[in-house]
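What follows is one structure encoded as structure tokens, with my remarks underneath.
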Protein chains: 2
Amino acid sequence: MVSAVLKSPSESAPKRSFRQQMHLAREDAIVSAVNRLLAEKGFESMTVDEVAAEVGIAKASLYKHFPSKEDLAAAAMVRVMQRAQAFLDGLDTKRAPLDLLREVARWTMEVQLAGEMPSLPSENSSLRAALTTNKAYVDGLMDVSDRLGAWITAAQASGGLNAALPPIAVLYTLYARACDPVLGFLKGSGQYSNEQIIEMVLSTCFDGLKAR
Amino acid sequence: MVSAVLKSPSESAPKRSFRQQMHLAREDAIVSAVNRLLAEKGFESMTVDEVAAEVGIAKASLYKHFPSKEDLAAAAMVRVMQRAQAFLDGLDTKRAPLDLLREVARWTMEVQLAGEMPSLPSENSSLRAALTTNKAYVDGLMDVSDRLGAWITAAQASGGLNAALPPIAVLYTLYARACDPVLGFLKGSGQYSNEQIIEMVLSTCFDGLKAR
DNA sequence: GTCTATAAATAGATAGAC
DNA sequence: GTCTATCTATTTATAGAC
């Protein structure tokens, strides 16, 4: 059999690995394009034709990699979640919990300003349903939530964070920074740099609008 | 001329007024349906067929009232803006500016929780373009922004509001409360009443996450 | 102005050759 | 796996009778 010959260790193993790498590289390019388009226009406005055009392949080829538009978008959401987990891994957990939470909020805003934060689907979106049944996404979200939750309760116990707020309210408030329209508004005003915008929103988020 | 006869004061004036009232009532029903659907699923996911079904008239009839889907949605946005202006009109301007701003934020959240706040269009939406050329909307937005802006600078001058924040950042932060996903998140958790949700988000907005 | 019926355009998804 | 070409369903918008 030809396939048996090709699978001989001396030549097929590297060759199959090479093909797998190409395959993964292609899929990564697809997911990157989807991620950018999701950030730019959202799930509903993004078309599969646009994705194919951006990647530079035929639309039918996309469907060899991902069975539907929802799976395409879910792959991008999973990758963002993995990026978040990698960012958390890189944090020095010996720092004060409040500082860690601030760094997380800063990171989500940097990603958003870089045009790489997919806008989360509205509650009735078909993407929402696809995500709730996506184990990689749900597991990643739970992992991130657990880690942030621990820092939140620690920061509340040490008096840095307002202990009157339910931890889940704090968690959601931080998540919301990833899709805060204020960043786009301020960017659109053309008066501030990305750094200034992030500092302002961090200030309103942690210190509030009122004078201290 | 027939038209001259029909315009005689004795019979045509009341009849035309009646028809106009019916016309306005119908259009109000249309705009209400559009408003609700925009709040529920956003501009892209809302279909004109749904609107027609919700109003209970044929789709072609809709297009006799509004020339396009964008105009349909713009009418709903204009009406929300008018509701906002009416709310501002009803406020007691002798109160402290900071309290007035808090009342405005509260109102936007109440409207959102009532399912009557159209989610604002993403930056690339065709609705965005339609809104920027809609005089009623742009004028309303400028009026609201001017009034809030005056209260913001007054609150900063009196020391109630953080004077280090540019007024435009404060304004955008307040606007963002109208589409804050945190409300939906907390609502979805099923643990809190609408009043509790609003109080929590008002607290994070004005007092910040950090302990005071 | 309201309706039914249909046009025209677009989007998600697939067939089948290579 | 990639391509071209096509299918099927949906969606915005209109035609034309009443």
Side-chain angles (χ1 to χ4, degrees), chain A residues 2-3 6 12 15-31 33-34 37-38 40-76 121 124-130, chain B residues 3 6 12 15-31 33-34 37-38 40-76 121-122 124-130:
Chain A
V2 174
S3 62
L6 289 177
S12 73
K15 192 163 191 177
R16 196 170 62 185
S17 170
F18 174 75
R19 284 194 182 169
Q20 281 183 347
Q21 276 203 339
M22 291 306 295
H23 184 83
L24 287 177
R26 183 77 48 121
E27 292 202 340
D28 190 69
I30 294 171
V31 174
V34 170
L37 286 168
L38 281 180
E40 180 188 333
K41 32 204 322 182
F43 178 71
E44 329 286 345
S45 297
M46 178 189 80
T47 69
V48 180
D49 290 87
E50 285 173 329
V51 177
E54 177 126 342
V55 180
I57 64 177
K59 181 165 57 169
S61 302
L62 276 187
Y63 280 95
K64 299 286 184 178
H65 290 271
F66 300 92
S68 73
K69 182 186 177 185
E70 282 76 17
D71 289 275
L72 215 45
N124 313 59
S125 174
S126 60
L127 175 55
R128 183 71 72 108
Chain B
S3 61
L6 289 177
S12 72
K15 193 163 191 178
R16 193 170 66 186
S17 169
F18 176 75
R19 284 193 181 168
Q20 282 183 346
Q21 276 204 338
M22 291 306 295
H23 185 83
L24 287 177
R26 185 74 50 118
E27 292 204 339
D28 190 70
I30 294 171
V31 173
V34 170
L37 286 168
L38 281 181
E40 180 188 333
K41 30 206 321 184
F43 178 71
E44 329 288 344
S45 296
M46 178 190 80
T47 70
V48 180
D49 290 87
E50 287 174 327
V51 177
E54 177 127 341
V55 179
I57 65 177
K59 181 164 55 169
S61 302
L62 276 187
Y63 280 94
K64 299 286 184 177
H65 290 272
F66 300 93
S68 73
K69 184 186 176 184
E70 282 75 17
D71 288 276
L72 213 47
S122 64
N124 313 58
S125 173
S126 61
L127 176 56
R128 184 72 71 107

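A, B, ... follow the sequence lines: proteins, then strands. Residue 1 opens every chain. Every heavy atom of this structure was used, including side-chain atoms; hydrogens, water molecules and symmetry mates were not.
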Can you give me the N/O atom pairs linking the protein to nucleotides 2-4 of chain C at distances under 3.5 Å, or say none if there are none?
| residue | atom | partner | partner atom | Å |
| --- | --- | --- | --- | --- |
| C:dT2 | OP1 | B:R26 | NH1 | 3.0 |
| C:dT2 | OP2 | B:H65 | NE2 | 3.0 |
| C:dC3 | OP2 | B:A58 | N | 2.4 |
| C:dC3 | OP2 | B:S61 | OG | 2.9 |

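- Judged purely by atom type and a 3.5 angstrom limit, B:K69 uses its side chain to pair as donor or acceptor with the backbone of B:F43.
- In this structure, the CZ atom of A:F66 is 14 Å from the C1' atom of D:dG1, given to the nearest Å.
- Residues satisfying the salt bridge (Lys or Arg N to Asp or Glu O under 4.0 Å) criterion with A:K64, sequence neighbours excluded, are absent altogether.
- Using a 4.5 Å heavy-atom cutoff, the side chains of A:E40 and A:L37 are in contact.
- Within the 4.5 Å cutoff, side-chain heavy atoms of B:H23 are placed close to those of B:H65.
- Across every non-hydrogen atom of A:F66 and A:A75, the tightest pair is CE2-CB, 3.6 Å.
- Between A:Y63 and C:dA13, a side-chain N or O to OP1/OP2 separation shorter than 4.0 Å is present.
- Atom CG of B:L72 is separated from atom C1' of D:dT12 by 12 Å (rounded to the nearest Å).
- In this entry the distance linking CG of B:L37 with P of D:dT11 reads 13 Å, nearest Å.
- In this structure, CG of B:D71 is placed 13 Å from C1' of D:dT12, rounded to the nearest angstrom.
- Residues of residues 42-55 of chain B having a heavy atom closer than 4.0 Å to DNA chain D, listed by number: B:M46, B:T47, B:V48, B:D49.
- Taking every heavy atom of both residues into account, B:P121 and B:R128 meet most closely at O-NH2, 3.0 Å.
- The only member of B:V31, B:V34, B:I30 that meets side-chain contact (heavy atoms from CB on, under 4.5 Å) when paired with B:V55 is B:I30.
- B:E50 places a side-chain heavy atom less than 4.5 Å from the side chain of B:K41.
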